[in-house]
Number of protein chains: 2
Amino acid sequence: MTHAAHIRALINRLSRLDASETWGDDLNPAQISALEYLLRANRFSRAPSHVAEYLGTTRGTMSQTLKALMRKGYVSETRSDADRRSIRYDLTVAGQAVAGRTAALVEAIETLPFERQAELSEALSTVLTSRLAARGGRAFGLCCGCAYHRRTEDSAFCALLSLPLSLEEGDQICHEQVAA
Amino acid sequence: MTHAAHIRALINRLSRLDASETWGDDLNPAQISALEYLLRANRFSRAPSHVAEYLGTTRGTMSQTLKALMRKGYVSETRSDADRRSIRYDLTVAGQAVAGRTAALVEAIETLPFERQAELSEALSTVLTSRLAARGGRAFGLCCGCAYHRRTEDSAFCALLSLPLSLEEGDQICHEQVAA
DNA sequence: CACGCTTGGTGTCGAGTCGATACTAATATT
DNA sequence: AATATTAGTATCGACTCGACACCAAGCGTG
């Protein structure tokens, strides 16, 4: 067993463990993952197709997942005025509460020395980036790390969509993000 | 977003990506995971309850998964003579072929410097161990790392079950394993 | 401007996961 | 011998997931 194969097994096992722990409500892993993505995504990146691409599933599946979350009152639907086809899903207060919880896995990771955490984050990011590039997937990076992000003293601006941004939006995930 | 929360997100995303890639046959992620476990587990650790505990699911679910793999010809059932309740699932040739494939994720991990791979493996192992301990789960370590493993020049022996072992079995996963 | 192509979202189908629960049979305990 | 525990299974309901078909909205080119 090589290091790499072992690492893959660890990743899958940890993910499985995390999924089975994050339970407790009437939500399953896929639904939790969707809520967590919505918590961190900016307003341009909350359509079913974006969540689907981020999580590596299809639009059909994600559509169903979001409808289920809708029925349970964790998200709300908003049709776009600019493009009448697209829908944006926002977290409700209940949804924010669930998505914002600290997972047991996070606490376990925090027991590692800070230095180790940084290495871990770095290494996993590298692997993910290379895999995403191989599949032709988008990076889904942070708004502030985008080539089109413009920042002044007390305001921000997206040069791609030609829209003003709030300062907090800089720290959110954007599906349009192009690494600077 | 803390380092730890980011790492958790990376782990889940990588696992999801891996699952969606390891497809192609008539097998889903849970079935693949079961096959991969069976490939690496020794003959005392291939019962539905062991696979279920390893993967963090229930006996009922795993029973169904293994039956599905049975129907598709990837595993074979063997009732134990010692304990007529228990069943052992072994990989067929087709099962070994699928479980032994190299995943794209493994190739991506292998592009990291060897030093980085070792760190990554080490860090993830630490986290997993601490999580397993917290849940009261077993370690599922390797046979050769067990307190009951006895090794001589050209043979091996399990002092817990009082049974002779083949040399290859030392590198397999054992559900009884107690870290030395 | 009208034609077609593409895109975004949804509905449906079938196989299967998953937890919960309830059950059987075999083994342990007392 | 009676009881408790353990291993595996069947069944139920909610849901995932890929595949596919469908519709409506936006786009692109002649």
Side-chain angles (χ1 to χ4, degrees), chain A residues 12 15-35 37 44-72 74-75 77-89 138 175-176, chain B residues 12 15-35 37 44-72 74-75 77-89 138 175-176:
Chain A
N12 284 329
S15 171
R16 235 163 221 294
L17 214 64
D18 184 45
S20 73
E21 278 171 346
T22 323
W23 212 281
D25 319 284
D26 49 349
L27 294 164
N28 61 40
Q31 291 169 345
I32 297 260
S33 292
L35 288 181
Y37 170 79
F44 315 118
S45 313
R46 295 194 204 128
S49 53
H50 303 141
V51 192
E53 188 180 354
Y54 184 82
L55 296 177
T57 183
T58 59
R59 283 175 299 141
T61 299
M62 191 46 62
S63 182
Q64 294 312 104
T65 298
L66 291 170
K67 291 285 176 197
L69 288 172
M70 180 81 194
R71 281 197 302 278
K72 295 179 184 174
Y74 292 109
V75 298
E77 271 183 0
T78 312
R79 258 218 134 87
S80 165
D81 285 327
D83 184 340
R84 303 295 300 161
R85 291 171 302 178
S86 77
I87 294 185
R88 181 162 51 85
Y89 282 89
R138 301 184 213 225
H175 76 113
E176 302 271 28
Chain B
N12 285 328
S15 172
R16 233 163 223 293
L17 214 62
D18 184 45
S20 72
E21 277 171 348
T22 325
W23 213 280
D25 319 285
D26 48 349
L27 294 164
N28 62 40
Q31 292 170 346
I32 297 260
S33 293
L35 288 181
Y37 169 79
F44 314 118
S45 312
R46 298 195 203 126
S49 52
H50 303 141
V51 193
E53 189 181 352
Y54 183 82
L55 295 177
T57 183
T58 60
R59 283 176 300 143
T61 299
M62 192 46 63
S63 182
Q64 294 311 106
T65 298
L66 291 170
K67 292 287 176 199
L69 289 171
M70 179 82 193
R71 281 197 302 279
K72 295 179 185 174
Y74 292 110
V75 298
E77 271 182 359
T78 312
R79 259 222 127 91
S80 166
D81 286 326
D83 185 340
R84 304 292 301 159
R85 290 171 303 181
S86 77
I87 293 186
R88 183 162 49 84
Y89 283 90
R138 300 184 214 226
H175 75 112
E176 302 272 24

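Taking every heavy atom of both residues into account, B:K67 and B:Y89 meet most closely at NZ-OH, 3.6 Å. In this structure, B:S20 and A:G56 approach most closely via the heavy-atom pair CB-O, 3.7 Å. Residues A:L66 and A:V75 come closest through the heavy atom pair O-CG2, 3.9 Å. Heavy atoms only, all atoms of each residue included: A:A30 and A:T65 are closest at O-CG2, 4.3 Å. Heavy-atom minimum distance, B:P48 versus B:M62: O-CG, 3.6 Å.
B:T61 is linked by a side-chain hydrogen bond (donor to acceptor under 3.5 Å, both in side chains) to B:T58, counting only residues two or more places apart in sequence or in another chain. Under the side-chain hydrogen bond (donor to acceptor under 3.5 Å, both in side chains) criterion, A:Y54 pairs with no residue, sequence neighbours left out. With sequence neighbours excluded, the residues that form a side-chain contact (heavy atoms from CB on, under 4.5 Å) with A:L17 are B:L128, B:R131, B:L132, B:R135. Applying the side-chain contact (heavy atoms from CB on, under 4.5 Å) test to A:K72 and every residue at least two apart in sequence or in another chain returns A:D26, A:L27, A:Q31, A:Y74. Scored by the side-chain hydrogen bond (donor to acceptor under 3.5 Å, both in side chains) test, A:Y37 finds no partners at all (sequence neighbours excluded). Scored by the side-chain hydrogen bond (donor to acceptor under 3.5 Å, both in side chains) test, B:Q64 finds no partners at all (sequence neighbours excluded). For A:E176, there are no salt bridge (charged side-chain N to carboxylate O under 4.0 Å, His left out) partners at least two apart in sequence or on another chain. With sequence neighbours excluded, the residues satisfying side-chain contact (heavy atoms from CB on, under 4.5 Å) with A:R88 are A:R43, A:R46, A:T78, A:D90.
Atom-to-atom, CG of B:L17 to P of D:dC17 comes out at 13 Å; the value is rounded to the nearest Å. When rounded to the nearest whole Å, the span between NE2 of B:H175 and C1' of D:dT6 equals 13 Å. The distance between atom CD of A:Q64 and atom P of C:dG11, rounded to the nearest whole Å, is 7 Å. One can place OH of A:Y74 at 14 Å from C1' of D:dA14, the figure rounded to the nearest angstrom. As a whole-Å value, the separation of A:L69 CG from C:dG9 P is 15 Å. Atom C1' of nucleotide D:dT9 and atom CE of B:M70 are separated by 15 Å, given to the nearest angstrom. Between the CG atom of A:L66 and the P atom of C:dG8 there is a distance of 15 Å, rounded to whole Å. Protein atom CZ of A:F44 is 18 Å distant from nucleotide atom C1' of C:dG8, rounded to whole Å.
Across all strands shown, B:R88 has no heavy atoms under 4.0 Å from either base or sugar-phosphate atoms.
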Dump every N/O contact between nucleotides 27-30 of chain C and the protein below 3.5 Å, one line per pair.
unit_1: C:dT27; atom_1: OP1; unit_2: B:R84; atom_2: N; d: 3.0

Atom pairs, protein N/O to nucleotides 14-16 of chain C N/O, distance under 3.5 Å:
unit_1: C:dG16; atom_1: OP1; unit_2: B:K72; atom_2: NZ; d: 3.1
unit_1: C:dG16; atom_1: OP2; unit_2: B:R71; atom_2: NH2; d: 3.4
unit_1: C:dG16; atom_1: O3'; unit_2: B:N28; atom_2: ND2; d: 2.8
unit_1: C:dG16; atom_1: O3'; unit_2: B:Q31; atom_2: NE2; d: 3.4

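Of the residues in residues 55-63 of chain A, those lying under 4.0 Å from DNA chain C by heavy-atom distance are A:R59, A:G60, A:S63. Contacts between residues 45-54 of chain B and DNA chain D, defined by a heavy-atom separation below 4.0 Å, involve B:A47, B:P48, B:S49, listed by number.
The side chain of B:S86 approaches D:dA7 more closely than any other nucleotide in the set D:dC17, D:dA7, C:dT10.
The 5' end of DNA chain C is approached more closely, in terms of each residue's nearest nucleotide, by A:R79 than by the other of A:R16 and A:R79.
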### Query
Given B:H175 and B:E53, is the side-chain contact (heavy atoms from CB on, under 4.5 Å) satisfied, shown in steps?
CA-CA 9 Å; B:H175 75 112; B:E53 189 181 352; 5.9 Å; no
